2 protein chains.
Amino acid sequence: MATIYDVARLAKVSKTTVSKVVSNTPYVSEETKKRVLEAMEQLQYSPNLAARGLKGKRTYVIGLIVPYHAEHLFHDPFILDIVLGVESTASDYDYSVLLFMPKPTDKRGVYDRFLRTGYVDGVVTLESHAGGIDDTILDELGIPRVSAGYREDLKQINSVHSNDRLGGYLALAHLLELGHRNIGIISGPANFVVAVDERLQGAREAMAEWGIQLDPALIGYGDFNVGSGYQVAQQLLEREQRPSALFCMNDRMAAGAMYYAHNHDLLIPADLSLIGFDDIALPTIVEPPLTTIHQSPTEIGKTATQHLFALINAEIESFATITLPVELVVRQTTAAPYARSIHMGSSLK
Amino acid sequence: MATIYDVARLAKVSKTTVSKVVSNTPYVSEETKKRVLEAMEQLQYSPNLAARGLKGKRTYVIGLIVPYHAEHLFHDPFILDIVLGVESTASDYDYSVLLFMPKPTDKRGVYDRFLRTGYVDGVVTLESHAGGIDDTILDELGIPRVSAGYREDLKQINSVHSNDRLGGYLALAHLLELGHRNIGIISGPANFVVAVDERLQGAREAMAEWGIQLDPALIGYGDFNVGSGYQVAQQLLEREQRPSALFCMNDRMAAGAMYYAHNHDLLIPADLSLIGFDDIALPTIVEPPLTTIHQSPTEIGKTATQHLFALINAEIESFATITLPVELVVRQTTAAPYARSIHMGSSLK
DNA sequence: CTGAAAGCGCTTACAG
DNA sequence: CTGAAAGCGCTTACAG
């Protein structure tokens, strides 16, 4: 591979000058610059990252830490989208991404070693809940860090996530506006996945605005999988006072709930309104199309990485948590309550 | 961060000796070694990767190239599992993983630059179909490469994938042994995803053994999503001579087919046998449990990475394609054909 | 605007 | 078994 020396010789300048052209320093004459650029092109020169990293203040590499959690959380399709957002943004900044996936069984040393090798200018961590990454080594080494997701220490700093509280609020407000009062919630794991707690809080706030207290008995806890949506729907819909609407904390559980409704001759949305969260591409056979709260995992990855570069470049020292907008997407699974039963009597089956 | 010099000083030896201890060279006295090890521990010394990469023959980094394909292929849960296998194996070998996700819109230069920076000792590429990675730059730079999945040039070399042909064979053989003769196939995209072609070939071979010719009209083409499984099932099951069994090329399409069967009062397996491929964790509400062909994406990642290290260490020069075993997992969606209709007459509805 | 020189933290022959 | 010295390919003050 061509080195800076080869380029210098071909362009008849010094290594120093080549280096200046590479790093776009001003005060290089146009003519010299052009000659160097041509030589670089001709030799397909690409600066050796190891050498840059060794001498300069930068390694041109950021770390991406994706802790392996429980099976179903790790296989969340969002993870790949966030990773994609991080990688493509890093690439835009001419940075490379070093991937690190610590397992829960890893001793502390593994994590330390990854950072102490001195390879990274900063790290993005993917987090969703307790037991994640801790900052002490990062602080000690002076490596900036941005969290894509909620920080495990819950500090409102250097992290990027969806406005989950607003999402919970919008979902409930939508149902309340339609006239629903007896609303069940199919929650994810609470006190563990921070986003879940936030969405619950948002739901609570919406209900408070309508003067309603959230009944804990109307909250069921699933694990984000389709199957748990089915089970929790069953648990909630078998109640004496059957809820007229369900807020499901992700689209997959909403699909499970819909499946339960189909199996029990509940028409959606006539007998039961359903709203999800995420706005993933559900199988087209899940009918009717789901009303949901849209969020953008790729944007989370992008925004987190952009802000990491702002930290690396010392443009900012830290930033307050960024909450990305979420959006209510009304499709065909929500309507006024008991639209059908009002006309046809209350006995549904 | 502590350097090799700090360690040398603390242990009262030369840098050279420390380096020898780090790289586990023999011919260091036990006593010296122990002192150095203690100093390393005390200073939390970790060799600087950039310096190692610059001077030594190795960078201790491998590249992982995950091309962004069509939406649904990229979001295949297998990808994350393969990545996990690669990362954890690299980590076992004290290597780091540099992630690279080229988009179809990337100009050639982006890919080149990733490799020309001289950061990687080798690369693992994730591939499934045409239009992937080409070897010319790798060959030019002398960077070893292993493909996790079928190589896009279809060379039977330095690649690791499941024994898809055997999988196709096992699936069909299972159905044929149960007595099915009129068998439909819900295929993935053919002439594009290599594994699909292989599975079809395996299916063909099984049928030939039973003296049956595969009828092209009994093959429908889906896109691996649940919805397409539903649609193709419909297309095949509405035929004059309704197939008594369907071989689905992944579990998600099998779930779609099952859903179609439920909606049309076909009992599984009494009226219709169904076999999938992959053995993913389907939602528990998909009932009955699916008979399928098991494969192990994490193993693909691990095996590919292990062999990459064998190439890097020059233990081998190349290796013939490794096909990882697949396994028939018989659960409850397959049975002898028309188990019910034989007893109850042929009118099903 | 240009370039000579020092040095980043290692590894690797080589000599002892 | 141990260590002095050269050098990997860059960047960065510094001098001109």
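Bear in mind the structure is a predicted one, so any value in this text is a computation, not a measurement.
Using a cut-off of 4.0 Å between Lys/Arg side-chain N and Asp/Glu carboxylate O, A:Arg145 and A:Glu127 are scored as salt-bridged. Using a cut-off of 4.0 Å between Lys/Arg side-chain N and Asp/Glu carboxylate O, A:Lys103 and B:Glu87 are scored as salt-bridged.
The nucleotide whose nearest atom lies closest to any side-chain atom of A:Val13 is, among C:dC10, C:dT12, C:dG3, C:dG3. Of all nucleotides listed (D:dG9, D:dA13, C:dT12), C:dT12 comes nearest to the side chain of B:Lys57. When distances run from any side-chain atom of A:Lys55 to the nucleotides C:dG9, D:dG9, C:dG3, the shortest one goes to D:dG9. The side chain of A:Thr32 approaches C:dC1 more closely than any other nucleotide in the set D:dG3, D:dC10, C:dC1.
Between A:Ser23 and D:dT11, a side-chain N or O to OP1/OP2 separation shorter than 4.0 Å is absent. The phosphate of D:dT11 has OP1 or OP2 within less than 4.0 Å of a side-chain N or O from A:Arg52.
If you check C:dA13 for Watson-Crick or wobble pairing at under 3.5 angstrom, you find it has no partner at all. In a base pair of the Watson-Crick type (N1 to N3 plus N6-O4 or O6-N4) or a G-U wobble (N1-O2 and O6-N3), with each distance short of 3.5 Å, D:dA4 is matched with no nucleotide.
Checked against a 6.0 Å centroid threshold, the rings of A:Tyr95 and A:Phe309 count as neighbours.
If B:Tyr45 and A:Thr17 are placed on DNA chain C by their nearest nucleotide, the residue sitting closer to the 5' end is A:Thr17. Heavy-atom distances to DNA chain D give each of B:Lys33 and A:Ser46 a nearest nucleotide, and the one nearer the 5′ end belongs to B:Lys33.
Note on ring orientation: taking the six-membered ring where Trp is involved, the planes of A:Tyr119 and B:Tyr119 are parallel (angle under 30°, cut-offs 30° and 60°).
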